[in-house]
There are 2 protein chains.
Amino acid sequence: MSEVVSPNLAVSTVIFRLRPGADGTSELALPLVRRIRAPYEGRWALPGGPLTAHEDLAQAASRTLLATTSLQPRYLEQLYAFGQLDRSPDERVVSIVYWALVASDEAERTIENDNVRWFVADELPELAFDHKLIVEYALWRLRTKLEYSQIAHGFLGETFTLAQLREVYEAVLQKPLDPGNFRRTMEGSGAVVATGERLSGTRHRPPQLYKYDTSVNPADQGPLSHLTAPCTLVPANPSTTSFRTTTHASASGVSA
Amino acid sequence: MSEVVSPNLAVSTVIFRLRPGADGTSELALPLVRRIRAPYEGRWALPGGPLTAHEDLAQAASRTLLATTSLQPRYLEQLYAFGQLDRSPDERVVSIVYWALVASDEAERTIENDNVRWFVADELPELAFDHKLIVEYALWRLRTKLEYSQIAHGFLGETFTLAQLREVYEAVLQKPLDPGNFRRTMEGSGAVVATGERLSGTRHRPPQLYKYDTSVNPADQGPLSHLTAPCTLVPANPSTTSFRTTTHASASGVSA
DNA sequence: TATCTTAGTGTCAATGTGACTTGAACGCCA
DNA sequence: TGGCGTTCAAGTCACATTGACACTAAGATA
C-alpha cells in the first residue's frame with residue numbers, strides 16, 4: 001500500500017490555432033497525432049512524450065511538440081497534472097499537460113499526413129486515454145482566460161488590427177462582439193498600443209496596426225510568470241509574419 | 001540528452017487556515033514540517049511525501065498531509081507541478097503541489113512540536129527547496145480565486161454569519177470591506193442562503209446564520225470539478241463545528 | 001432606561017457596459 | 001470623376017454595477 005514508485009512521467013500539449021472556417025469566420029483547431037503503439041494503437045492522441053533527464057517540464061513540452069508537429073508556439077502554459085489510476089490500461093502514467101497557442105502562419109508549417117492532422121476543436125474523433133477530458137479542460141481554460149488576460153495575441157503576429165484581434169475573441173468565445181465597444185475596452189485597458197502604421201490593401205478605410213504593450217505585466221500567472229516567460233517572449237518569425245503595411249496585397253492572418 | 005528517466009515524483013500541499021491575529025483581526029497561517037534528512041536538513045518545508053503506487057494525486061496529497069499534520073482539509077485543489085532541474089541539489093524531483101483550506105476548529109487538532117508548526121503566511125522562515133516560491137504562488141492563487149469563486153467557506157464551518165464570512169475576505173485580501181455592500185453582493189450572488197437560525201450570545205443584535213448553496217455549481221474548475229469534488233464535499237466534523245445557536249456562549253470561529 | 005454595538009436596509013453618485021448613431025477614409029465601379 | 005459600399009473610428013444614451021455613507025433594528029450591558 002505504501003510502496004514508493006516512480007510512475008512514468010509524460011508531458012503532453014494541447015495546441016490551439018485559428019483557421020478560416022466554413023462560414024467565413026475563424027474556428028479553433030488543434031493538432032493530434034495517431035498512436036503507433038498499444039495501448040490505443042491507431043487512435044488519435046495529444047502530441048507529447050516522456051520527460052527526459054536534462055530538461056524541465058516546459059522544455060519537454062516544447063521539445064515533444066516540435067518533434068511531433070514541427071510547431072513552435074507563441075504562448076505556452078502549464079495546464080494540469082493528470083494522475084488518475086485508471087487513465088492508462090497497462091502501466092501507471094502521470095501526464096503533465098501544457099497548453100499552447102500558435103499563430104496562423106506558424107501553424108501552416110505543419111506537415112499533415114496520416115499520422116498528424118489538425119481537427120476542429122469541437123469535432124474531435126475518439127481520443128486515446130483521458131485526452132478528451134484534457135482537451136475539454138484546455139478549451140475551458142482558454143475561453144475563461146481570454147476574458148481576463150492578454151493571451152489573444154498568441155494567435156496573431158507581431159502587429160495586428162483591432163478587427164483581427166476581435167475576430168480572435170469572437171472565434172474563441174463563439175459570439176459576435178460589438179466593434180465599437182471592443183475598441184473602447186481594448187484601448188482603455190492599455191494592453192495594446194497603436195504603432196502609427198496602417199494596413200493598406202483593404203477594400204475600405206485603412207485600419208491602424210497595434211501591438212501588445214509588453215511593459216504592462218499581465219499578472220495572469222502571479223509569481224510564476226518567469227517559468228514560462230522564455231516561451232511567451234518568443235517573437236514570431238519575421239519572415240512569416242509580414243502583414244503588408246504599404247502594399248496593395250490583401251490582408252493575411254486570421255481573417256484570411 | 002534524450003535518455004528516458006522516471007524522476008522521483010513527490011506530492012506536497014500548501015495548507016491555509018485563519019487564526020486570531022495580534023490586532024484583533026484574523027491572519028493567514030500555514031503549517032510547515034522540519035526536514036530530518038539531507039538535503040536541507042533542519043529547514044522548514046511543506047508537508048508532503050512520495051507518490052505511492054495505488055493512489056491518485058489528490059489522494060496522495062490528502063494522505064501525506066494527514067500523516068504529517070493530522071489535518072483533513074475542507075477544500076483541496078491542485079496548484080502546479082514544479083519540475084525545474086535545479087530545485088533539488090541531489091536528485092531530480094518533480095513535485096505536484098496541492099493547496100488546501102482547513103476550518104479553524106479542524107486546525108486546532110494539530111499537535112505542534114519541534115518538527116510541526118503553524119507560521120503566519122507572510123512571516124515565514126527560510127524554506128527548503130523552492131518552497132518559498134511555491135507558497136508565494138499558492139498565496140497569489142488563494143487571493144485571486146477568493147474574489148471570483150466560492151472557496152471562502154473552506155475556512156468556516158457548516159454555517160456562519162455574514163460577518164464571519166466577511167472577516168475571511170478581509171483577512172485574505174488584507175483590506176477592510178464595507179459590511180453593507182458585502183451583504184448586498186453575497187446575497188445577490190445566490191451563493192449563500194439563510195438558514196433561518198440566528199446566532200445568540202453576541203453582545204448585540206443576533207445575526208442570521210447562513211450556509212453555502214451547494215446546488216449552485218461554482219464552475220471554478222470547469223470540466224475538472226469531479227477530480228477534487230470528493231474532497232470539497234467533505235463536511236466539517238459535526239462534533240467540532242458547533243456554532244452556538246441558542247446558548248449564551250460567545251461565538252467561536254474565525255472571529256474568536 | 002439610557003447607551004453601546006453590530007445587524008440589516010436604503011440612498012446617491014460615479015463608474016462600467018451594451019446598444020446604437022454618426023462621420024471618416026479608403027477601394028470600387030459606372 | 002464622382003457616387004457607393006465597406007469598415008474604421010469616435011461619440012451618445014440608457015442601464016447595471018459598485019463604492020461610500022446614512023439610518024433604523026435588536027440585542028446586551030450598566
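What you see below is based on every heavy atom in this structure, not just the backbone, and it leaves out hydrogens, waters and symmetry mates.
- Across the protein-nucleic acid pair, A:Leu162 atom CG and D:dA9 atom P stand 7 Å apart, rounded to whole Å.
- The separation between B:Tyr148 atom OH and D:dT18 atom P is 17 Å, rounded to whole Å.
- Listed nucleotides: C:dG18, D:dG19, D:dC8. Nearest to the side chain of B:Asn181: D:dG19.
- Between B:Gln164 atom CD and C:dA7 atom C1' there is a gap of 13 Å when expressed in whole angstrom units.
- For the pair B:Leu101 and B:Trp99, the minimum side-chain heavy-atom distance is below 4.5 Å.
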Inset, instruction - Run the numbers on A:Glu187 and A:Phe182 for side-chain contact (heavy atoms from CB on, under 4.5 Å), then give the verdict. - result: CA-CA 9 Å; A:Glu187 288 181 333; A:Phe182 183 81; over 6 Å; no
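- If you check D:dT29, C:dG8, D:dG27 against the side chain of B:Arg203, the one that comes closest is D:dT29.
- The distance from atom CZ of A:Arg198 to atom C1' of C:dC26 is 10 Å, rounded to the nearest whole Å.
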Inset, instruction - Could you go through the side-chain contact (heavy atoms from CB on, under 4.5 Å) check for B:Leu224 and A:Tyr80 one step at a time? - result: CA-CA 10 Å; B:Leu224 291 192; A:Tyr80 200 77; 3.7 Å; yes
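- Comparing B:Arg166 and A:Asp178 by the nucleotide of DNA chain C whose heavy atom lies nearest to each, the residue mapping closer to the 5' end is B:Arg166.
- Across the interface with DNA chain C, nearest-nucleotide mapping of B:Thr161 and B:Arg184 shows B:Thr161 to be the residue nearer the 5′ end.
- Listed nucleotides: C:dC20, C:dA7, C:dA25. Nearest to the side chain of A:Arg205: C:dA25.
- Note: CG (B:Leu199) to P (D:dA28) measures 12 Å, nearest angstrom.
- The interatomic distance linking B:Arg183 (CZ) with D:dT17 (C1') rounds to 19 Å, in whole Å.
- Comparing D:dT7, C:dA19, C:dT5 by their closest approach to the side chain of A:His204 singles out D:dT7.
- The residues A:Glu77 and A:Lys145 are annotated as salt-bridged, a charged nitrogen and a carboxylate oxygen being separated by less than 4.0 angstrom.
- Rounded to whole Å, the distance from CG on B:Leu177 to C1' on D:dA20 is 13 Å.
- Atom-to-atom, CG of B:Leu165 to C1' of C:dG8 comes out at 16 Å; the value is rounded to the nearest Å.
- Atom CZ of A:Arg203 has 12 or fewer neighbouring heavy atoms from other residues, nucleotides or ligands inside a 6.0 Å radius.
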